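Computed from a predicted model, the values in this text were never measured in an experiment. Below, chain A is the first sequence line, B the second, and so on; all start at residue 1.
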Number of protein chains: 2
Amino acid sequence: MAITIKEIAQKAGVSRGTVDRALNGRGGVSPEVERRILDIANLYGYKPNKLAKALATKANPSKIGLISIENIFFDQVIEGVIRAEEEISDFGVTVCRRMIRGYDAKSQLEAINSMVYQEKVDALAISPVSDRQVIARLAELAAEGFPIVNVNMDVPFSKKLAYVGCDYFKSGRTAAGLMGLITGERAQVGIISGCGNVMGHTQRVEGFMSVVKNEYPDIQVVDIADSYDDEQRSYDAVEAMLRQHPQIDALCFTTGGAGGGLKAAEALRGKRLRIVAFDQTPITERYLMDGLIKAIVCQQPNEQGYQAIRLLFEYLMEGERPASQQVLTELTIKIKQSMESESRGGAR
Amino acid sequence: MAITIKEIAQKAGVSRGTVDRALNGRGGVSPEVERRILDIANLYGYKPNKLAKALATKANPSKIGLISIENIFFDQVIEGVIRAEEEISDFGVTVCRRMIRGYDAKSQLEAINSMVYQEKVDALAISPVSDRQVIARLAELAAEGFPIVNVNMDVPFSKKLAYVGCDYFKSGRTAAGLMGLITGERAQVGIISGCGNVMGHTQRVEGFMSVVKNEYPDIQVVDIADSYDDEQRSYDAVEAMLRQHPQIDALCFTTGGAGGGLKAAEALRGKRLRIVAFDQTPITERYLMDGLIKAIVCQQPNEQGYQAIRLLFEYLMEGERPASQQVLTELTIKIKQSMESESRGGAR
DNA sequence: TTGAAAGCGCTAACAC
DNA sequence: GTGTTAGCGCTTTCAA
């Protein structure tokens, strides 16, 4: 059993109230006494009891804000957030969610301010776009000590609590590795990229190229097109690419939202193309089961949402910053058979 | 805010103690008063506060027993167990762990009894071998209402709380799917199976065969050998197999512990063989990075350990049985690039 | 600057 | 049968 405030108070020869003040930096404790208390707490590895704390602070419970993007991929992030919500609701901590349509900086700025000033949240989880003003605002808040976690999308500012998401560069490398495996390391590849102002998509392409360049002399990346995460534009991009480069026999889609592009690929070439894609969405899932896509490199959006909220919760409850500012979720690869849902059952 | 015991007591004109007795069916309450209390509780939708409950019962805390196998794979299960332990320690619940060398029924029986009678645990998580006596003992305990969760390995008895582990049949199917992808659906395959009395390994082989049979007319499974999860025997098995069937150009190892077999494969044929294996262990990891193994089908041992303990914890705290008796962890595929640890970093 | 004490919601031991 | 009371570990208010 861990040491309690009461025990520390005894050992230090002071009252519980004083220990509480010292431990939580509420001020009003003489430096000398504070030192003594902190030393004892440290020595015995004091960890506050979350339960007791939650019970005691039930009067003014904490609130976490979440600002995310409105689309099928982020729905999975939200699922994880909700899972975390259920776990922490017992502690009186609530989550206020806000979904934003598209990757719009203005709306994000508005949402941030609304969260802070209207909803008066105590912490923020956000999937920020790479926008100068958004970054500046987040940096400012973080500098004031406001806890912020970036989920799934990352932007640079030093005082953030953490980034929870995947390693996009590595996911690009993984896609290239898969491409090597399924093509016998010989292919003419076309890449269909996602949205320009989403940093992750760019990094995926870079990761992909790094492997092709260094490890697969017989794989050429013939063309790279941008789909702008739009149905029609991705259809057109793929159609144009395949017409212009008839030698292309493999495709890599760096975004899970390019249903149009996949449709074009199927229409023009059918299953002769070897296709690798990213992210499990209803679209990629369908084409994987269908056999058009051979493999998908997935992040774990559900886990990301869950971890982001948990991290903020731990911070609010115990004041503990995560061990690393980069909390990377594992990459997982899916193929048809690993996606199938039916089980033959095991022991009863 | 939900209604509390105190408030119910006021409304019913009785003491908190009486309400507690009535609500928890501890007896010693007159039927008439009990009715009144229950009605009020119902009317106002009383829900007990978990935190307060846990705090109050901290005096006689619960204890969960864990019986697992002593090897590198199960170390990962233990990691997850420890993660869960940390989370539930606030609730005063502890975990008593016991690792057993090998798949020995006798030792498992002893451990079970020791846990129940000496350690007096309130619940048990176990990775049971497929042994008649072990199953009988577990079934007996479960029938008495003792909560039992099977972790990673499953055996049949009806009253278990749950099995937490992967779908072995499906993992076999996934390995076959991978084999199809990396061989262009044309190969002569040898299978090196694991331990006979581990049900999962058998199911993996069956899953593998089911895909080959139905989907890959040009893949033949030439031979199946047993490695008994032993270094030397697996070396010998592979050596014999490759000598006897020179046409074999692909291998599937259904166990992550067969380092000897992999060594033999490398010695005799080098990287010309296309190899698929199961489970991330230091051995499979090394050979994957090395290029001998092309892909690994992983379960999530860490998650399995975590979930098993969480499930028992929830049951002990709230009396809630899991929604399904089969809690299946997702399969993940690893290739060289997705295993690499270095990141090029993203936003700071 | 420090201490004392009253709760948060629940359980359990003991008294009536 | 039922009421009373003392905690569980922490926060917070009010005195000193």
Side-chain angles (χ1 to χ4, degrees), chain A residues 1-38 40-41 44-62 89-93 122 316-320, chain B residues 1-38 40-41 44-62 88-94 316-319:
Chain A
M1 189 76 78
I3 195 172
T4 70
I5 278 195
K6 195 174 161 189
E7 293 167 316
I8 295 181
Q10 274 171 357
K11 287 188 201 297
V14 296
S15 75
R16 286 147 60 186
T18 304
V19 175
D20 179 58
R21 282 187 282 269
L23 253 27
N24 294 287
R26 296 189 218 284
V29 182
S30 76
E32 184 224 346
V33 174
E34 178 153 0
R35 253 274 53 81
R36 189 145 38 100
I37 292 175
L38 256 38
I40 296 178
Y44 290 91
Y46 170 76
K47 293 209 63 182
N49 183 312
K50 262 193 279 197
L51 300 182
K53 182 165 190 163
L55 246 196
T57 52
K58 233 182 158 221
N60 53 341
S62 311
S89 67
D90 277 334
F91 294 81
V93 179
D122 306 286
L316 289 175
M317 297 301 287
E318 324 191 6
E320 250 174 37
Chain B
M1 189 72 80
I3 194 171
T4 71
I5 279 196
K6 196 175 162 188
E7 293 168 315
I8 296 181
Q10 273 171 357
K11 288 189 201 296
V14 295
S15 75
R16 285 149 57 188
T18 304
V19 175
D20 180 55
R21 281 187 283 269
L23 252 27
N24 294 287
R26 296 189 218 285
V29 180
S30 78
E32 183 223 348
V33 173
E34 178 154 0
R35 253 272 56 82
R36 189 145 40 102
I37 294 174
L38 257 39
I40 296 177
Y44 290 92
Y46 170 75
K47 291 210 65 181
N49 182 315
K50 250 201 287 202
L51 274 57
K53 183 168 187 159
L55 246 197
T57 50
K58 240 194 149 196
N60 53 341
S62 311
I88 66 181
S89 67
D90 276 334
F91 294 81
V93 180
T94 55
L316 289 175
M317 295 301 288
E318 322 190 11

Reading 5' to 3' through nucleotides 1-8 of chain C, protein heavy-atom contacts under 4.0 Å coded B for base, S for sugar-phosphate only, - for none: SBB--BBB
Nucleotide D:dT12, atom C1' - distance to CD1 of A:I5 in whole Å: 12 Å
d(CG, A:L23; P, D:dT12) in whole Å: 14 Å
Euclidean distance, atom CG of residue A:D20 to atom C1' of D:dC10 [Å, nearest integer]: 7 Å
B:K11 NZ/CZ over B:Y44 ring centroid, <6.0 Å and within 45° of normal: yes
Under 4.0 angstrom between B:K53 side-chain N/O and C:dG9 OP1 or OP2: no
Atom pair distance, as rounded to whole Å: CD in B:Q10 and P in D:dG3: 13 Å
Minimum heavy-atom distance between A:A41 and A:L23, given as atom pair plus value: CB-CD1, 3.9 Å
Separation of D:dG1 C1' from B:R26 CZ (nearest whole Å): 16 Å
A:R16 versus A:A9, closest heavy-atom pair with distance: N-CB, 3.8 Å
Touch class at under 4.0 angstrom, heavy-atom based, for A:N49 against every strand present: sugar-phosphate
Flag, side chain of B:N24 to backbone of B:R26, donor-acceptor distance under 3.5 Å: no
Between D:dC8 (C1') and A:I3 (CD1): distance, integer Å: 16 Å
A:T18 side-chain N/O to A:V14 backbone N/O, donor-acceptor pair under 3.5 Å: no
Length of the line joining A:L51:CG and D:dC10:P, which is rounded to integer Å: 10 Å
Side chain B:R36, main chain B:A12, donor-acceptor under 3.5 Å: yes
Sugar-phosphate only, base, or nothing, as touched by B:F91 at under 4.0 Å among non-hydrogen atoms: nothing
